[in-house]
Amino acid sequence: MLFVSIAFWGLLVTLAVAKPMTDKPSFLVLLGDDIGWADFSYNGGIANTPNIKAWSEAVGTIRMNDFHTGGTVCSPTRATILTGRNHFRDCVNYVYGCSDMTQCVPDFQFAPNKTFTIGEAAREADPSYGSMFWGKWHLGSFYNDSEALGGLTSSPVTHGFDHFNATVEVAPTATTNCNCRKDWSENCLYGHYNGTNHCAGHVGPDGTNCCFNYWWDANEDHGVTNYTKPVPQDDTEYLTDSFDRFMDARDGNPFVAHVSFHNCHIPYIGTPEARADCASGKTCKPGTYSDAQLDFYACLNELDAAVGRVLNKLESTGYRDNTMIWFTTDNGPEGNCQPEGRCTADHFKTYPGSAGPLRGRKRDIWEGGHRVPGIISWPAVVKDNRQSNETVVTMDVLATIMDVLDVERPSSQADWAFDGQSVMPILTGQGQFETRSIGWMYQNVKQNGFRHGPWKLVNNSKSCTHPDCAKPMLFNLDTDIGETTDVSEQNPDVFRAILANFTTWYESVLHSRAAENTCNTVVPKEAMPDIIF
């Protein structure tokens with residue numbers, strides 16, 4: 001038994017460290033929700049988030065300054081993490097609304113031909129790997145007989161994980177399942193919402209349509225069961241407790257794990273203690289904050305505490321050194337700023353998330369929609385602490401795991417398109433991380449963008465309601481991270497080339513939808529444009 005001292009929340013804690021029985025690496029994805037590029041304190045955020053800041057500065061960690069999500073909204077990005085492919089290739093055009101499985105059975109297509117995923121990569125490498133998914137799923141129905149109920153089966157088990165403990169969609173960050181039973185509802189925390197929010201389903205138990213509950217795989221009806229106790233005030237405590245029990249059961253064996261926190265998607269609700277600590281200046285920069293801001297910054301600090309607990313658990317079980325960890329969020333902050341993607345100061349009183357100098361927010365093709373916080377940590381390989389300006393995207397998770405484990409996709413998918421790129425050259429400092437291209441679309445091709453090196457095409461964006469931005473534009477991100485100046489006229493050859501490259505990429509997406517997966521429609525159609533998810 002080894003002993004190490006680590007510091008979190010300003011406290012030096014001595015932990016007994018067990019040594020795993022394997023030298024095989026493990027993999028962990030930690031995902032936040034609707035958090036902006038500048039929301040954490042390591043990048044100037046208002047919430048102190050000390051654990052994430054300390055981790056970003058620790059040996060073995062690389063802070064990714066040019067990290068991107070493969071989508072600009074919830075479900076799309078979540079698909080890209082699992083498959084290494086743009087989400088449209090696997091039939092994920094947008095999102096769905098369904099608060100809980102007791103209220104509705106989602107009819108949502110995700111990879112109907114079973115695209116290879118991170119869980120399957122580990123299973124292919126060695127049967128000793130275990131895998132589990134926690135938190136917000138938002139990629140389809142948990143029931144194993146969904147088709148008989150008008151839905152489509154698409155659970156974490158369907159897509160390569162051994163087990164899950166998850167919500168089917170969005171859920172509150174405080175007293176998560178309090179409206180699932182009348183006798184629990186008296187303990188509900190609603191924060192600045194002053195009532196239920198983001199309900200999406202038919203009438204459920206006790207006449208409410210606002211139940212959000214955790215489900216996991218079980219030998220029961222529909223192949224699942226749900227939680228029968230109230231979730232703690234702080235939802236992250238439920239998730240990290242379950243993660244702790246998973247780690248205790250690993251018994252030295254390697255794993256692939258994905259913890260998808262609800263923090264800080266609507267309805268984000270801070271516990272009374274966390275709100276008070278922020279208001280007093282204990283856990284936030286001194287200032288006067290609106291109710292929405294107090295909830296949001298408290299929510300960020302609660303996420304930060306959860307990340308600290310996860311890192312502590314990895315340390316105490318001996319897995320910390322040889323676990324590759326990816327930490328990011330699914331898109332930029334909530335609350336679009338019309339007419340051209342730039343926000344006024346008053347906007348942040350209602351929608352507190354910050355994209356810093358970036359233009360746009362969640363849903364936008366502009367940088368603020370998809371350039372997000374990014375940390376990659378693997379102390380066994382990364383022997384220093386540094387920052388990287390390489391362009392990395394959520395599709396790279398699977399590509400990197402496959403590279404490390406030396407596995408390939410099944411022969412039936414060997415010729416399928418793949419958008420991910422291994423980041424091992426960045427982590428090791430050896431070899432070349434090739435200049436890459438990334439395409440984005442929001443719901444369909446009407447709003448699109450394409451990146452190659454420093455050059456970025458933006459053709460319309462969710463926040464754009466003015467003719468000046470409702471056209472193809474070219475930006476040089478090396479000199480204009482805020483996308484303020486269209487340089488298409490000064491660089492006509494680059495502009496023509498990037499338009500042509502986007503067209504080629506889009507045609508490959510349509511091919512994937514028709515020939516690789518069997519999507520309901522080959523050409524993505526607009527869906528639910530006026531619903532906030």
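Computation of the quantities below employed the complete heavy-atom set of this structure, encompassing side-chain atoms and omitting hydrogens, waters and symmetry-equivalent molecules. Since the model is a prediction, treat every value here as computed from it, not as a measurement.
- Val404 and Pro25 make their closest contact through CG1-CG, 3.8 Å (heavy atoms, listed as atom of the first residue, atom of the second, distance).
- With sequence neighbours excluded, no residue satisfies ring pair (Phe, Tyr, Trp, His ring centres under 6.0 Å) with Phe116.
- Other residues, nucleotides and ligands contribute at most 12 non-hydrogen atoms within 6.0 Å of the NZ atom of Lys53.
- Between the side chain of Thr173 and the main chain of Asn263, no donor-acceptor pair closer than 3.5 Å is present.
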Worksheet entry | Cys74 and Lys136: CA distance, side-chain angles, deciding distance, side-chain contact (heavy atoms from CB on, under 4.5 Å) verdict | CA-CA 10 Å; Cys74 307; Lys136 177 182 172 183; 3.2 Å; yes
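- Atoms CE and CZ, from Met402 and Arg409 in turn, are 6.0 Å apart once rounded to the nearest 0.5 Å.
- Between the Ser260 side chain and the Gly135 main chain, no donor and acceptor come within less than 3.5 Å of each other.
- Distance CD/Glu302 to SG/Cys264: 8.0 Å, rounded to 0.5 Å.
- Summarising the geometry of Pro373 relative to Trp37, their closest heavy-atom pair is CD-CA, 3.7 Å, with the distance given to 0.1 Å.
- Residues Asn179 and Cys211 have side chains not in contact (no heavy-atom distance under 4.5 Å, counting atoms from C-beta outward).
- Ring to ring, Tyr289 and Tyr297 are close: their centroids are under 6.0 angstrom apart.
- Here the side chain of Tyr193 pairs a donor or acceptor atom with the backbone of Tyr268 at under 3.5 angstrom.
- Taking the side chain as every heavy atom from C-beta outward, Glu334 and Ile266 approach each other to under 4.5 Å.
- For the pair Asp248 and Lys313, the salt-bridge criterion is met [side-chain N within less than 4.0 Å of a carboxylate O].
- Counting only heavy atoms from C-beta outward, the side chains of Trp326 and Asp396 approach each other to under 4.5 Å.
- Counting only heavy atoms from C-beta outward, the side chains of Met101 and Val224 never approach each other to under 4.5 Å.
- Separation of atoms OG (Ser75) and CG (Asn93) is listed at 10.5 Å; rounding is to 0.5 Å.
- Checked against the 6.0 Å centroid threshold, Phe164 and Trp215 do not count as a close aromatic pair.
- Proximity of Thr72 to Asp364: side-chain heavy atoms (C-beta onward) are nowhere separated by under 4.5 Å.
- Distance check, rounded to the nearest 0.5 Å: CE of Met64 to OG of Ser56 gives 13.0 Å.
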Worksheet item: Can you list the steps and then say if Arg363 with Asn331 is a side-chain contact (heavy atoms from CB on, under 4.5 Å)?
Response: CA-CA 8 Å; Arg363 306 176 191 85; Asn331 44 249; over 6 Å; no
Discussion item. Working note: Val310 + Leu28, criterion side-chain contact (heavy atoms from CB on, under 4.5 Å); need CA distance, chi angles, decisive distance, verdict.
Written reply: CA-CA 10 Å; Val310 167; Leu28 173 62; 3.7 Å; yes
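- The neighbour count for Glu273 CD, taken as heavy atoms of other residues, nucleotides or ligands under 6.0 Å away, does not exceed 12.
- Between Phe243 and Phe255, the ring-plane angle classifies as perpendicular under the 30° and 60° cut-offs.
- Of all non-hydrogen atoms in Lys182 and Ser185, the two that sit nearest each other are O-OG, 2.7 Å.
- Atom-to-atom distance recorded for Trp416:CH2 and Glu516:CD is 6.0 Å, nearest 0.5 angstrom.
- A 4.5 Å side-chain heavy-atom check between Ile375 and Phe67 finds every atom pair outside the cut-off.
- Of all heavy-atom pairs between Ala355 and Gly360, the closest is CB-O, 3.9 Å.
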Discussion item. Show, in sequence, the C-alpha distance, side-chain angles and deciding distance for Tyr96 and His138, and conclude whether the ring pair (Phe, Tyr, Trp, His ring centres under 6.0 Å) test is met.
Written reply: CA-CA 8 Å; Tyr96 61 86; His138 216 178; 4.8 Å; yes
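- Looking at Arg513, its side chain does come within 3.5 Å of a backbone N or O of Phe88 through a donor-acceptor pair.
- Screening Asn226, Asn213, Thr228, Asp100 for a side chain to side chain donor-acceptor pair (under 3.5 Å) involving Asn177 leaves a single residue, Asn213.
- Of the possible polar contacts, none joining the Arg85 side chain to the Ser512 backbone as a donor-acceptor pair under 3.5 Å is found.
- With hydrogens and angles left out, the side-chain atoms of Arg89 and Asn517 include no donor and acceptor closer than 3.5 Å.
- Between Asp291 and Lys349, none of the side-chain N atoms (NZ, or NE/NH1/NH2) sits under 4.0 Å from a carboxylate O, so this pair counts as no salt bridge.
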Item to complete: Apply the test salt bridge (charged side-chain N to carboxylate O under 4.0 Å, His left out) to residues Asp33 and Arg78: give CA-CA distance (whole Å), side-chain angles for both, the deciding distance (0.1 Å), then the verdict.
Response: CA-CA 10 Å; Asp33 201 323; Arg78 294 162 197 279; 2.9 Å; yes
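- A side chain to side chain donor-acceptor pair (under 3.5 Å) with Asp90 holds for exactly one of Thr115, Asn113, Thr80; it is Thr115.
- Under the 3.5 Å distance criterion, the side-chain polar atoms of Ser146 are left unmatched by any main-chain donor or acceptor of Gly151.
- Between Phe212 and His262, the gap from one ring centroid to the other reaches at least 6.0 Å.
- Under the 3.5 Å distance criterion, with hydrogens and angles disregarded, a donor-acceptor pair is assigned to the side chains of Thr176 and Asp235.
- The aromatic rings of Trp134 and Phe246 sit perpendicular to each other, their planes meeting at more than 60°, with 30° as the lower class boundary.
- Annotation for Ile269 and Gly191: closest pair CG2-N, 3.7 Å, computed over non-hydrogen atoms.
- One side chain, Arg320 or Ser377, offers a donor N or O that lies under 3.5 Å from an acceptor on the other.
- Listed for the His347 side chain is a donor-acceptor partner under 3.5 Å among the backbone atoms of Gly335.
- Asp277 places no side-chain N or O within donor-acceptor distance of the main-chain N or O of Thr283, the cut-off being under 3.5 Å.
- The distance between the ring centers of His222 and Phe142 does not fall below 6.0 angstrom.
- Between the side chain of Asn165 and the backbone N or O of Trp216 there is no donor-acceptor pair closer than 3.5 Å.
- Under the 3.5 Å distance criterion, the side-chain polar atoms of Asn48 are left unmatched by any main-chain donor or acceptor of Pro50.
- Two residues are said to be in side-chain contact when any heavy atoms from C-beta on lie closer than 4.5 Å; Leu30 and Ile325 meet this criterion.
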Fill in: side chain to side chain donor-acceptor pair (under 3.5 Å) evaluation trace for Ser463 with Asn336
CA-CA 6 Å; Ser463 295; Asn336 295 105; 3.3 Å; yes
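- Ring-plane geometry between Phe40 and Phe327 is classed as tilted, the angle between the planes lying from 30 to 60 degrees on a 0 to 90 degree scale.
- Listed here is the closest heavy atom pair of Ala305 and Asn51: CA-ND2, 3.7 Å.
- In summary, of the residues considered (Tyr238, Tyr227, Phe133), a ring pair (Phe, Tyr, Trp, His ring centres under 6.0 Å) with Tyr214 occurs for Tyr238 alone.
- Side-chain atoms of Glu237 and Arg309, non-hydrogen and from C-beta on, do get closer than 4.5 Å to each other.
- Of the options Leu82, Val92, Thr69, a side-chain contact (heavy atoms from CB on, under 4.5 Å) to His87 is made by Val92 and by none of the others.
- Rounding to the nearest 0.5 angstrom, the gap separating the OG1 atom in Thr394 from the NE2 atom in His68 is 10.5 Å.
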